[in-house]
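What you see is a predicted model; the values in this text were computed from it and never measured. Every heavy atom of this structure was used, including side-chain atoms; hydrogens, water molecules and symmetry mates were not. Numbered from 1 within each chain, the chains take letters A, B, ... in sequence-line order.
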Amino acid sequence: MIQKTLTSFDLKQIADSGQCFRMLPAEEANTYTVISGPHFLKAAQDGQTVTFFCEPEELPFWERYFDLDTDYDAFRKAINPRDAYLKQAADFGQGVRILRQDLWEMIITFIISQQQTIPSIRRRVEDLSHAYGSRLPVPGTFYSFPSPEQLSAASLEDLLAMKLGYRAKYIKRACEDACSGRLDLSYLGSLSYEDAMDYLTGFYGIGEKVANCICLFGLHHIDAFPVDTWIRKILMNRYAPKSRLPKDLPQSRVCEALIQKHFSRYRGFAGVMQQYIFYYERNAGEDLHGPS
DNA sequence: TGGCAGGGGCCTG
DNA sequence: CAGGCCCCTGCC
């Protein structure tokens, strides 16, 4: 067990931030279990004191996972003071970090995520881990996320039976591609953000949004800015100057323009801002919202 | 209770 | 660009 004093770090906020789906509350208060690939951690937080229940040799892995070397205060200080909404969102979620998660796990998880709710994504990921992952040698019943080889044991019918719907065929193909080497994870890991986007969107079932999530949470390209239905609504409601909107401009073009206008100043770390907004919108009570 | 809308979208025509 | 898609959940 190792204790550290951390700022801009909140286990609960991270668990509720919608970027990781295998970080769950433990029985003990203020305690969470986290599984990433084959790694397992139990961690507790009391104010700025965070306790890592793991062997010392595992600590570097989790320090990297939680991105502890990055200065999130600096990101928040870079926020445009005239952007009251973003400032409020960042203050609200100042314990959120962009995790360095397992690349393969992120690919499958965000393929699963399309047209699903967050609780539902959790269940699907957990079901896959129990069915095809490895039991972890820790107290309790925990399973690693299945490797490409392990997940390849699932037939299309198996995946359909696990309520993956039309995503089953995408997952099947991703397993085949990863095992054949056509989807080369270490090569993907060597690419720039732009090249990684091109590479990822070339695979079946991976579009721009999913690729951005993989870049942000699996490759730590923190410039990635995933635009989902929530972010799209926020952009339209909070950032679109309604008077100047051409009526027939496609919504995707409007979003592009709004991102360019309001978030290009955060080039290099715009994804952190996206995450503050996403967390705020999903977790702040109505009384904390600004004027609508 | 049943029907409908929508969910951290993507592929096909 | 429009339509369809698997299945679940929340809402009326």
Taking atom types as modelled, find out whether [X] and [Y] have a side-chain donor-acceptor pair closer than 3.5 angstrom.
X: A:Q94; Y: A:Y72; value: no
X: A:S155; Y: A:D158; value: yes
X: A:R22; Y: A:S36; value: no
X: A:R76; Y: A:S8; value: yes

Euclidean distance, atom CZ of residue A:R122 to atom P of C:dT9 [Å, nearest integer]: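 It is 15 Å, rounded to the nearest whole Å.
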Measuring only the [atom1] atom in each nucleotide, how far is [N] from [M]? A whole number of Å is fine.
N: B:dG6; M: C:dG3; atom1: P; value: 16 Å
N: B:dC11; M: C:dC8; atom1: P; value: 23 Å
N: C:dG4; M: B:dA5; atom1: C1'; value: 16 Å
N: B:dT1; M: C:dT9; atom1: C1'; value: 16 Å

Sugar-phosphate, base or nothing in reach of A:R123, heavy atoms under 4.0 Å: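 The answer is sugar-phosphate, as A:R123 gets under 4.0 Å only of primed atoms, P, OP1 or OP2.
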Residue [X] excluded, over 12 heavy atoms near [atom1] under 6.0 Å:
X: A:K169; atom1: NZ; value: yes
X: A:E27; atom1: CD; value: no
X: A:E208; atom1: CD; value: no
X: A:D69; atom1: CG; value: no

Base-pairing string, 5' to 3', of DNA chain C - Watson-Crick or wobble, under 3.5 Å, | interstrand: |||||.||||||
Base-contact (B) and sugar-phosphate-only (S) positions in nucleotides 6-13 of chain B, heavy-atom cut-off under 4.0 Å, - elsewhere: -BBBSSS-
Within the sub-3.5 Å range, which N or O atoms of nucleotides 10-12 of chain C have a protein N or O partner, and how far apart are they?
none

Phosphate OP1/OP2 of C:dC6 contacted by A:K163 side-chain N/O (<4.0 Å):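 Checking A:K163 against C:dC6: no side-chain N or O falls below 4.0 Å of OP1 or OP2.
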Student check: side-chain heavy atoms of A:N237 and A:I234 closer than 4.5 Å: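 No, too far: nothing below the 4.5 Å cut-off.
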A:I108 vs A:I171 side-chain heavy atoms within contact, under 4.5 Å: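 Answer yes - side chains close enough.
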Distance flag, aromatic centroids of A:F225 and A:F269, threshold under 6.0 Å: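 For A:F269 and A:F225, the ring centres are not under 6.0 Å apart.
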